[in-house]
Protein chains: 4
Amino acid sequence: MTDLKKMTRAEQKARRPVQILDAAFEEFVERGYVATRVEDIASRVGVTKGTVYVYFENKEQLFEAMIRHISGPLENLLASANELKGTATERLQQNIDLIYDLIIRDRKLRELMRFVIAEGTRFPQIVDRHHDIFIDPLERQMQSLIDEGVKLGEFRQAPAAFCDAVVAPAIAFLFFKLLFDERRTLDKASYVKAHIDLVLHGLVERHPG
Amino acid sequence: MTDLKKMTRAEQKARRPVQILDAAFEEFVERGYVATRVEDIASRVGVTKGTVYVYFENKEQLFEAMIRHISGPLENLLASANELKGTATERLQQNIDLIYDLIIRDRKLRELMRFVIAEGTRFPQIVDRHHDIFIDPLERQMQSLIDEGVKLGEFRQAPAAFCDAVVAPAIAFLFFKLLFDERRTLDKASYVKAHIDLVLHGLVERHPG
Amino acid sequence: MTDLKKMTRAEQKARRPVQILDAAFEEFVERGYVATRVEDIASRVGVTKGTVYVYFENKEQLFEAMIRHISGPLENLLASANELKGTATERLQQNIDLIYDLIIRDRKLRELMRFVIAEGTRFPQIVDRHHDIFIDPLERQMQSLIDEGVKLGEFRQAPAAFCDAVVAPAIAFLFFKLLFDERRTLDKASYVKAHIDLVLHGLVERHPG
Amino acid sequence: MTDLKKMTRAEQKARRPVQILDAAFEEFVERGYVATRVEDIASRVGVTKGTVYVYFENKEQLFEAMIRHISGPLENLLASANELKGTATERLQQNIDLIYDLIIRDRKLRELMRFVIAEGTRFPQIVDRHHDIFIDPLERQMQSLIDEGVKLGEFRQAPAAFCDAVVAPAIAFLFFKLLFDERRTLDKASYVKAHIDLVLHGLVERHPG
DNA sequence: GATGAATGAGCGTTCATTCAT
DNA sequence: TATGAATGAACGCTCATTCAT
């Protein structure tokens, strides 16, 4: 029992940095880098100012650590997409679905985007990082899906940058959610449906023959 | 010559507020609301701190005035699109082209988006304002273009929210430009081409007959 | 008619300094020297800041001029007391009455006292001035009245500083009025009656024989 | 010795608020509320600006706390007067003596009066507070002394508000001390003597028989 | 490790004062 | 004489950071 308690206490301590990073995330999201007070982060964890400085050099490095903390788990974000089965069309649909799920489920992913835009000037690394771990994989994956579809004869030969256009509605959706989430409701289902429908069929009437 | 000087003097005075608003725009873009110093705005204009307070109550109202200043001209942004000629397809293409031109030409439009994301919590009005003067008109216009195309038999009947998906790549483009503009190059031409191609034809191979 | 108007206009201008001094009095009373803004004084007159500086070197000298302006008329404050008729006792009573009338009627006299207390450290001259034009004459006059009464056999021989004690209730009344006027009501009639009664008879029961 | 040091350290901390309040008193007395700089209060204690804000919300609340700090001890000011012995006349004399002692000894009491006059508009509470803890008790006590004297047949039946007049010279003395203390000398002994003499005997010659 | 008192640089804001018109 | 735009010194207040405990 003593062991258990010690363990727990030790664990508690081991968790401190993570607790602080989580608290930092919430505060930085709410107020932005400059307006966030180290003290508010601390009291969210239930410790005092000084404690934050035990674990982090300063506010700047705390912010950067927080960015790494929330963006680390994103690295394998799209892993599940590799296991999709079915025709290229089916996999494309499923993949788009997965992306929306991800966007809706993962608040950290969304807020990371806010940081990129709001603090990108102050912390240029996060701009690149975000591109490398999210935007780029997203497009690569979509591109390879398209390529497969073309190879399989399901998709027509698409022009360069086509995958950008294919992915774009999801990215726009992410921004809408970021922007208007708490002020307007977004109908995910019909948005996704429209997206997939557009991607698959375009707008022009097909004239048989 | 006396006239010129008098003009210049009087004009100088009349221009002060606008000068300050322009300077404020640049500083707020660069550093965000909180980190921007009123003094820096002033010295960008070539005056001292106190002068800013001759024209604006405080930093907050200066920011809000700046938002109004840059978003006012946006109100007729999409007016030119109403004069498009040709088939629905042609007009759709031209309209998309116009949107990209706008996005590329109008830095203030782009940076407004940054403010919406970065300062939306602090200044909730700008979130709604931006939706009302940009997002909403954009979608309405696209929707009516689509409706016409459907009526003319050029476009197929599209599901609800389709216009969101049609517009989305342009919005994503805006964000990319905002995010990566100075760090990566975006190939506008091929992006637009892909966008239009997607919208018109979708991705699925058309099987004749 | 032109003359009249010109006169009037000229008079207006001649009055400017006085207008400003009157306005200054009100503002300084309301907020004290430091917290009063020159601009508020100006707008009370209906002119702008700069105009005040046409007539007065700076805020400090404006304040001093204002003090002179309101305390000048006080110099003959007690003149009327010299014309009192009747027995010493009657004149003493009348004099005390006059003092209370003065205190109640002359707001400037009262507020001058506030300046002396509130700004005496900043403007030491007004302390002396106030003593010289108000406190001192008040006591001298009372002393000479007492002396006459003694000489006439109406008053008993009083100890030194007796006149201080005789005058004191009126001075205390002034302070009460200054302090509590707008928050409590002071019953002047009974206060004066008690004052005169005290001065004439004291408190000890007189045992005949 | 370790104890001493520990004590000193801990005590130092506990004393900070009081040190600051005492320093604030001196500064506010010297310059008035508006002209006093928080930094001057701080350096009087030997700390920096920021430290003051560790203990007090802002300048306004510091001032109010200072008023409470100096006026709290005044609440039992007149307690000792309740233990006076002797005839009513003797007790009246002793009480008057006590009041002057109080006025002369207690600088804070005197300066509180200055705050009431100088800052009463800005801080209306202190006007009432001062009335409640000083003026009112003073008069009540004097009134009950007079009532006893009357009952005992030592004093004659006095008109209403008589106690005001009886107390007034002491209050006027307080103001004189406040006003002229450092510029003129007040002869307390003869002032008190005259006061008591006036109160007991009045001015009118007593005609035997 | 944790605390929180203390620091001090920094910024928003005010306002007396000046001066060109 | 009157204006009011502009100045700049000053001050209230905040907060990241330090350090003795």
Side-chain angles (χ1 to χ4, degrees), chain A residues 9-10 12-14 16-17 34-43 45-62, chain B residues 5-6 9-10 12-14 16-17 34-42 45-60 62, chain C residues 9-10 12-14 16-17 34-43 45-62, chain D residues 5-6 9-10 12-14 16-17 34-42 45-60 62:
Chain A
R9 214 175 271 171
Q12 285 289 59
K13 281 191 182 177
R16 268 290 126 87
V34 185
T36 292
R37 292 152 21 106
V38 173
E39 190 160 16
D40 287 343
I41 295 171
S43 56
V45 180
V47 298
T48 58
K49 238 173 359 181
T51 306
V52 174
Y53 286 89
V54 170
Y55 297 97
F56 301 92
E57 278 283 304
N58 52 37
K59 189 178 167 183
E60 197 173 325
Q61 293 191 22
L62 170 57
Chain B
K5 236 182 179 173
K6 269 183 189 169
R9 262 282 186 187
Q12 193 76 333
K13 223 169 259 191
R16 268 290 125 86
V34 185
T36 292
R37 294 158 8 111
V38 172
E39 193 159 13
D40 287 343
I41 294 171
V45 180
V47 296
T48 59
K49 231 173 2 177
T51 304
V52 174
Y53 287 91
V54 171
Y55 297 94
F56 301 93
E57 281 279 306
N58 51 40
K59 190 178 167 182
E60 194 173 329
L62 171 56
Chain C
R9 214 175 273 171
Q12 285 289 56
K13 282 192 179 175
R16 267 290 125 85
V34 185
T36 292
R37 294 153 18 108
V38 173
E39 191 161 15
D40 286 343
I41 294 172
S43 57
V45 180
V47 298
T48 58
K49 237 174 355 184
T51 306
V52 175
Y53 285 90
V54 171
Y55 296 97
F56 302 93
E57 279 282 304
N58 52 38
K59 190 179 168 182
E60 197 173 326
Q61 292 192 23
L62 171 57
Chain D
K5 235 179 178 175
K6 270 182 187 169
R9 257 293 179 186
Q12 194 76 333
K13 224 168 258 192
R16 268 290 125 86
V34 185
T36 293
R37 294 156 10 110
V38 173
E39 191 159 16
D40 287 342
I41 294 172
V45 180
V47 297
T48 60
K49 227 171 9 175
T51 305
V52 174
Y53 287 92
V54 172
Y55 297 95
F56 300 93
E57 281 281 304
N58 51 39
K59 189 178 166 182
E60 196 173 328
L62 172 56

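Convention: sequence-line order gives letters A, B, ...; per-chain numbering from 1. Just so you know, these numbers use all the heavy atoms, side chains as well, and skip hydrogens, waters and symmetry mates.
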Worksheet item: In whole angstroms, how far is the C1' atom of E:dC15 from the CG atom of C:L62?
Response: 15 Å

Discussion item. Nearest whole Å is fine: how far is F:dT18 C1' from A:K59 NZ?
Written reply: 17 Å

Discussion item. For the backbone of D:R37 and the side chain of D:K49, can you confirm whether one donor and one acceptor N or O come within less than 3.5 Å of each other?
Written reply: no

Item to complete: Report the nucleotide, chosen from F:dT17, F:dC11, E:dA5, that has the shortest atom-to-atom distance to any side-chain atom of D:Y55.
Response: E:dA5

Worksheet item: Tell me: CZ of D:F56 to C1' of E:dA6, nearest whole Å?
Response: 15 Å

Worksheet item: How do D:E60 and A:V38 order along DNA chain F: which one's closest nucleotide is nearer the 5' end?
Response: D:E60

For residues 51-58 of chain B, please give each side-chain donor-acceptor pair under 3.5 Å, one per line with the distance, not counting sequence neighbours.
{"from": "B:T51", "atom 1": "OG1", "to": "B:T48", "atom 2": "O", "distance (Å)": "3.3"}
{"from": "B:N58", "atom 1": "OD1", "to": "B:E60", "atom 2": "N", "distance (Å)": "3.3"}
{"from": "B:N58", "atom 1": "OD1", "to": "B:Q61", "atom 2": "N", "distance (Å)": "2.9"}

Practice prompt. Mind listing the residues from residues 47-54 of chain B sitting with a heavy atom below 4.0 Å of DNA chain E? Number order is fine.
Written response: B:K49, B:Y53

Item to complete: In whole angstrom, give the distance that lies between atom CD of C:E39 and atom C1' of E:dA16.
Response: 10 Å

Discussion item. Rounding to an integer number of Å, can you tell me how far D:E57 CD sits from F:dG12 P?
Written reply: 16 Å

Worksheet entry | Along DNA chain E (nearest heavy atom to each residue), the more 5'-positioned of C:T36 and B:A35 | B:A35

Worksheet entry | Rounded distance in Å - CD1 (D:I41) to C1' (F:dG12) | 12 Å

Worksheet item: Reading DNA chain E 5' to 3', what string of ( ), [ ], | and . shows its pairs, if Watson-Crick and G-U wobble pairs count only when both distances fall under 3.5 Å?
Response: .||||||||||||||||||||

Practice prompt. Taking only the side-chain heavy atoms of A:N58 (C-beta and beyond), determine which of E:dA2, E:dT13, F:dT17 contains the nearest atom.
Written response: F:dT17

